[in-house]
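Written out below as structure tokens is the structure these notes cover.
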Amino acid sequence: MTTIARGTDTLTRDALTVLQPGFTGTTAPDWLLRRLGEGLASVGLFGRNIVSPEQLSALTAQLRAERPDVLVAIDEEGGDVTRLEARTGSSFPGNHALGAVDDVDLTQAVARELGRRLAACGVHLNWAPSADVNSNPDNPVIGVRSFGADTGLVARHTAAYVTGLQSAGVAACTKHFPGHGDTAVDSHHALPRIDVAADVLQARELAPFRAALAAGTRAVMSAHILVPALDPDRPATLSRPVLTDLLRGELGYQGLIVTDGMEMRAVSGTYGIEHGSVLAVAAGADAICVGGGLADDETVRRLRDALVTAVRSGELPEERLADAARRVRELAAWTVNGTTGDTAPDPGVGLRAARRALTVTGEESFTPLTEAPYVAAFTPVANIAVGDETPWGVAAELSRLLPGTLTGSFTGDAAGTDALAAAGERRLVAVVRDEHRHPWMAKALTTLLTARPDTVVVEMGVPQSPPRGHLHLATHGAARVCGRAAAEVIAGA
């Protein structure tokens with residue numbers, strides 16, 4: 001595409017303002033700083049951009065030196081989806097664990113501490129929480145990212161999370177509207193479809209979003225899902241009936257609407273990111289999230305030019321683009337002038353929550369281990385939202401409590417026999433993740449328990465399968481603190 005936007009005219013600045021791009025590296029590249037000077041108002045951060053709190057603080061300071069009101073966003077759910085602690089695993093157990101405890105004060109405290117840490121590093125927009133009701137146990141992308149399968153539980157914890165996060169001065173972005181829980185397809189790969197009646201959507205999917213709006217969520221993220229009861233033709237991110245008629249009109253929401261990542265195949269594979277971005281803004285979206293995969297200046301230029309061209313051709317009303325840019329600037333102003341986030345630190349709240357979230361079966365007949373075991377991790381393919389760079393399991397924490405612990409990762413039809421061979425005479429600890437979704441994993445666990453009935457089983461996904469093993473621990477998430485809580489029970493710490 002030929003570059004048509006020159007200078008810093010209002011139209012060009014508005015087109016840049018609605019973009020939330022990512023970038024590679026741990027310092028801001030020159031092109032990003034230049035775009036901030038031209039009108040770019042938001043930047044999205046991912047695990048690749050973060051090494052430590054000190055480095056992150058320096059990075060956000062570098063961005064604000066170019067534009068003091070820049071809106072710095074991050075995808076930090078805690079639990080399995082962490083960017084602050086992508087290299088170590090999260091200090092917070094994640095939504096499903098909080099839902100298992102079902103203490104809204106605890107959820108609010110966890111979100112407040114997470115927000116405090118983000119704000120201390122200069123991040124003031126968090127693409128969280130997930131308000132999806134995990135009504136489909138085979139959902140490949142939500143799972144433990146949801147507070148649970150009960151609508152009322154999800155609603156009250158979504159509201160508590162929003163309240164806690166924003167009390168620390170960090171804007172919540174409740175997702176994935178109108179609800180991604182009843183899907184069997186990952187929208188990173190294809191377009192999911194939810195075929196339920198409108199009354200089911202109202203009673204189930206929309207209830208947590210109503211709770212989030214009542215709690216004052218500053219942003220809402222759209223889902224790349226097709227919901228025929230709302231719009232039979234376009235996914236929610238590109239749908240005026242969903243974003244404008246339902247979210248703005250019926251629900252009365254006036255805050256920022258952010259798209260899910262536009263390079264996800266559910267949109268990019270059917271509409272392309274340029275046309276998809278134009279359709280999204282026309283439908284009612286205010287901010288275009290891109291940068292999880294496409295993270296360069298060329299992407300920003302392409303999207304800016306697509307929006308400018310659409311306005312000049314009449315495809316996108318100029319006042320709609322201006323309104324979207326206004327909402328971005330209003331949220332940026334809130335992060336600068338709003339809540340100061342002077343909450344007291346509570347560094348232990350994540351571990352306390354993880355310990356309370358444990359469901360233990362067989363503890364009455366279990367004698368804690370005193371010798372170093374062999375930890376067999378049955379490892380499924382991680383979904384893109386979680387990523388495969390973040391460590392999970394109990395081996396690291398057991399090694400701290402029982403030095404000499406060995407571990408191996410196994411997958412496929414021979415996983416069980418391979419794990420038995422690797423363990424030798426050591427006591428076995430089998431770690432699974434969503435056993436109910438992976439027949440090979442269930443087979444491997446049966447192989448282990450048949451040969452070694454004293455095997456300890458740790459389920460770190462959604463505990464849908466019946467508890468098995470001499471001791472069974474359901475952690476309701478695979479965060480580092482979840483692994484630590486399980487290890488403490490296994491070692492009697």
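All figures in this text were calculated on a predicted structure; none of them were measured in a lab.
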Between the main-chain N or O of [Y] and the side-chain N or O of [X], is there a donor-acceptor pair closer than 3.5 Å?
X      : Y      : answer
Thr174 : Val220 : no
Asn49  : Phe23  : yes
Tyr271 : Glu274 : no
Arg67  : Leu40  : yes
Arg64  : Gly122 : yes
Gln166 : Gly216 : yes
Arg87  : Ile50  : yes
Glu263 : Gly293 : yes
Thr217 : Ala172 : yes
Glu459 : Asp434 : yes

For residues [X] and [Y], report the shortest heavy-atom separation together with the two atoms involved.
X      : Y      : answer
Leu331 : Ala171 : CD1-CB, 3.9 Å
Ala41  : Val328 : CB-CG1, 4.0 Å
Ala229 : Leu201 : CB-CD1, 3.9 Å

Tell me if the CG atom of Asp195 is crowded by more than 12 foreign heavy atoms within 6.0 Å.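 Above 12, so yes.
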
salt_bridge(Arg301, Asp305) N-O dist < 4.0 Å: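 Yes.
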
Looking at Arg35 and Glu38, does any basic side-chain N land under 4.0 Å from a carboxylate oxygen?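 A salt bridge is present here (some side-chain N lies under 4.0 Å from a carboxylate O).
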
Who passes side chain to side chain donor-acceptor pair (under 3.5 Å) against Ser239, sequence neighbours left out?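 Residues passing side chain to side chain donor-acceptor pair (under 3.5 Å) with Ser239: Asp231.
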
Are [X] and [Y] close enough that some pair of their side-chain heavy atoms sits under 4.5 Å apart?
X      : Y      : value
Leu71  : Gln20  : yes
Arg480 : Pro391 : no
Pro93  : Val481 : yes
Thr309 : Arg312 : no
Val290 : Leu19  : no

Results of ring pair (Phe, Tyr, Trp, His ring centres under 6.0 Å) for Phe147 - residues two or more places apart only: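 Phe147 satisfies ring pair (Phe, Tyr, Trp, His ring centres under 6.0 Å) with His157 only.
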
Which residues satisfy the ring pair (Phe, Tyr, Trp, His ring centres under 6.0 Å) test with Phe177, sequence neighbours excluded?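 Checked Phe177 against ring pair (Phe, Tyr, Trp, His ring centres under 6.0 Å); matches are Phe209.
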
CA sep, side-chain torsions, deciding dist, call: Thr259, Cys289, side chain to side chain contact (heavy atoms under 4.5 Å, CB included): CA-CA 6 Å; Thr259 72; Cys289 176; 3.9 Å; yes

Qualifying residue for salt bridge (charged side-chain N to carboxylate O under 4.0 Å, His left out) with Asp286, from Arg218, Arg326, Arg329, Arg320: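 Looking at Arg218, Arg326, Arg329, Arg320, the match for Asp286 under the salt bridge (charged side-chain N to carboxylate O under 4.0 Å, His left out) is Arg320.
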
Establish, from distance only, whether the side-chain atoms of His224 and Thr237 form a donor-acceptor pair under 3.5 Å.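 Yes - a donor-acceptor pair under 3.5 Å links their side chains.
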
Parallel, tilted or perpendicular, as decided by the 30° and 60° cut-offs, for the rings of His476 and His96: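 The arrangement is tilted - the two ring planes meet at 30° to 60°.
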
Name the one of His180, Lys175, His176 that satisfies side chain to side chain donor-acceptor pair (under 3.5 Å) with Asp132?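 Checked His180, Lys175, His176 against Asp132; only one passes side chain to side chain donor-acceptor pair (under 3.5 Å): His176.
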
